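Worksheet: one structure, shown below.
Predicted model, so just to flag it, every value in this text is computed and none were measured. Start at 1 and go down the list; that is how both ligands and their atoms are numbered.
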Amino acid sequence: MADLKTHLLGHIAQHGPMRLSDYMAECLFHPAYGYYSTRDPLGTAGDFTTAPEISQMFGEMIGLSLAQSWMDQGQPGAFVLAELGPGRGTLMADILRATRAVPGFADAARVHLVEASPTLQQKQRALLGDAPVWHDRIDTLPNDLPVFAVANEFFDALPIRQFVRSGEMWCERLIGARDGGLVWGLGAPAPQPALAARLGDTREGDLVEHCPLAAPIVKALGARIAENSGAALLIDYGDWRSLGDTLQALSRHETADPLTAPGQADLTAHVDFEVLATATPSAHSRLTPQGVFLERLGITQRAQALAARMQGDTLTTHIAAHRRLTHPQEMGNLFKVLALFPKHAAPPPGCET
Ligand code: SAH
């Protein structure tokens with residue numbers, strides 16, 4: 001812990017206050033001390049739990065939606081089945097299991113995983129074997145085949161910058177040093193062309209967030225789908241347009257101060273889906289709450305079928321998992337799904353235009 005903090009304090013002493021995006025990138029992916037580079041943060045024993053870790057039903061529904069979309073688009077004989085930020089590999093394992101019954105799908109699928117953490121790449125290899133191809137960034141995904149893709153809680157981990165409106169300009173929130181600790185500060189007002197559209201819907205003192213990697217990543221994925229067909233399901237917490245500070249640090253399932261223990265806590269921010277939808281050259285669906293998406297795909301029928309073979313604690317956990325994934329007061333409304341698909345194709349089941 002002390003090491004990344006010392007490293008960051010040294011950096012600030014030499015170069016001055018840091019952008020939040022640089023801070024997040026160091027905290028999450030510094031090769032020696034980064035949060036994701038050095039550990040598996042998922043699950044009940046870790047810092048946070050994600051939908052695929054809550055229940056196999058999540059991956060099953062995603063698998064069926066992608067497989068139906070593949071059928072709707074004429075069952076291309078070879079395609080890329082891609083995941084961005086696969087974590088432990090659980091979601092991909094569930095997708096592959098759930099689609100085994102779909103004739104031709106498994107034979108046509110070439111699994112490609114985009115994962116920046118060497119530790120998590122190893123976990124994924126342990127679960128999924130050597131057949132997938134790993135990439136540490138999206139640019140190297142094949143661009144000559146249809147792509148059917150999923151990203152769950154991937155965009156929320158991308159570094160953001162934060163700006164406070166000052167007249168027609170913006171002051172960037174920066175991270176500086178005081179008394180041996182990291183502290184927030186504000187940069188001088190400057191124009192921000194990337195935020196031009198936000199001058200219309202904000203007031204003096206409002207805070208807006210900007211994720212520099214989000215649009216280029218969606219553009220790279222959406223261009224492949226627009227040109228070669230396919231579909232993508234982008235699932236994350238967030239909303240159509242973000243306003244206010246959504247930076248969150250999580251450690252051991254509790255919120256933490258983002259500056260206290262750099263590299264020791266997960267750092268995320270809400271995803272601004274408007275930015276993703278605007279960036280894609282493909283068509284996109286309406287933003288759909290996760291609960292609605294999963295219900296449309298039949299998660300309740302699936303839950304009942306599984307429940308028939310369960311009892312005791314297993315059954316109680318299973319019922320709680322279904323509720324957690326779908327209920328509006330749990331993940332059902334906070335998490336949203338945006339689908340990308342070719343202009344002349346139908347959206348993947350579960351999403352609508
Ligand atoms: N999708 C998984 C894991 C979510 S955690 C699940 O739902 O359980 C975020 C995942 O994205 C991790 O695997 C993390 O290492 C990866 N990740 C975050 N930023 C990344 C980036 N810029 N490039 C590639 N992978 C990234």
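The nearest protein atom to atom 23 (N) of ligand 1, hydrogens excluded, is given as Ala116 CB, 3.6 Å; this is a heavy-atom distance. Looking only at heavy atoms of the protein, atom 7 (O) of ligand 1 is closest to Asn152 ND2, 2.8 Å. With hydrogens left out, the protein atom closest to atom 19 (N) of ligand 1 is Phe29 CE1, 3.3 Å, a heavy atom. Distance from atom 26 (C) of ligand 1 to its nearest protein heavy atom, with residue and atom name: Phe154 CE1, 3.5 Å. Atom 9 (C) of ligand 1 has as its closest protein heavy atom Glu153 O, 3.3 Å. Among protein heavy atoms, the minimum distance from atom 11 (O) of ligand 1 is reached at Gly85 CA, 3.2 Å. Remark: minimum distance from atom 14 (C) of ligand 1 to any protein heavy atom is reached at Glu115 OE2, 3.5 Å.
Looking only at side-chain heavy atoms (C-beta outward), Ile12 and Leu182 come within less than 4.5 Å of each other. Contact check for Cys351 versus Leu233: side-chain heavy atoms found under the 4.5 Å cut-off. Between Val150 and Ile235, the closest side-chain pair of non-hydrogen atoms falls below 4.5 Å. By the 4.5 Å heavy-atom criterion applied to side chains, Arg39 and Gln264 are counted as neighbours.
Each of the following atoms of ligand 1 lies closer than 4.0 Å to a heavy atom of Ser117: 15 (O). Residue-ligand proximity, Gly87 to ligand 1, at heavy-atom distances under 4.0 Å covers atoms 2 (C), 3 (C), 13 (O).
Below 30°, between 30° and 60°, or above 60°: for Trp70 and Phe79 the angle between ring planes is between 30° and 60°, a tilted geometry. Tyr33 and His30 have parallel rings, their planes meeting at less than 30° on a 0 to 90° scale where 60° marks the start of perpendicular.
Side-chain contact, His11 with Glu26: no donor N or O sits under 3.5 Å from an acceptor N or O.
Legend: residues meeting side-chain contact (heavy atoms from CB on, under 4.5 Å) with Leu243, ordered by chain and number and at least two apart, are Arg198, Thr202, Asp206, Val208.
Contact between Leu120 and ligand 1 is present, with at least one heavy atom of the residue lying under 4.0 Å from the ligand.
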Could you list the donor-acceptor pairs under 3.5 angstrom formed by side chains in residues 293-303, with sequence neighbours left out?
from, atom 1, to, atom 2, distance (Å)
Glu295, OE1, Thr300, OG1, 2.7
Glu295, OE2, Thr300, OG1, 3.2
Arg296, NH1, Gly350, O, 2.8
Arg296, NH2, Glu352, OE1, 3.3
Thr300, OG1, His322, NE2, 3.0
Arg302, NE, Glu60, OE1, 2.7
Arg302, NH2, Glu60, OE2, 3.0

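Only the side chain of Leu158 comes within contact range of ligand 1, with a heavy atom under 4.0 Å; no backbone atom does. With a heavy-atom cut-off of 4.0 Å, Pro52 touches ligand 1 through its side chain alone. Proximity of Thr50 to ligand 1, defined as any heavy-atom pair under 4.0 Å, is confined to the side chain (atoms from C-beta onward).
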